[in-house]
Amino acid sequence: MSAHTHPRSTQPAAGGIDFKLPWWGVLLPAIAFCALLALVVGSGDAHAVSADGTLTHLVERIQETLSR
């Protein structure tokens with residue numbers, strides 16, 4: 001038994017691309033971005049443990065620059 005296929009239209013869609021994005025397709029990435037941004041901004045009290053003081057100094061300088 002063969003299945004019938006619908007032939008493709010050779011005419012382009014009127015008005016370009018018809019694209020519909022569900023509400024959660026915008027909202028969920030926005031919430032995730034805000035949550036990660038809050039984690040980065042709120043991590044001012046956290047300190048990385050490293051044997052090299054240069055890396056720690058560099059991270060502290062970046063935090064000071066961003067907090068201004």
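Follow the hydrophobic side-chain contacts under 4.5 Å out from Trp23 and you reach Leu28 in the same cluster. The cluster map of Ile, Leu, Val, Met, Phe, Trp and Tyr, joined by side-chain heavy atoms under 4.5 Å apart, puts Leu66 and Leu58 in the same cluster. Val41 and Ile62 fall into different hydrophobic clusters, where Ile, Leu, Val, Met, Phe, Trp and Tyr residues are linked whenever their side-chain heavy atoms come under 4.5 Å apart, directly or through other members. Using a 4.5 Å cut-off between side-chain heavy atoms of Ile, Leu, Val, Met, Phe, Trp and Tyr, with links allowed through other members, Trp24 and Ile31 fall into the same hydrophobic cluster.
Note: Glu60 CD to Thr65 OG1 = 11.5 Å, rounded to the nearest 0.5 Å.
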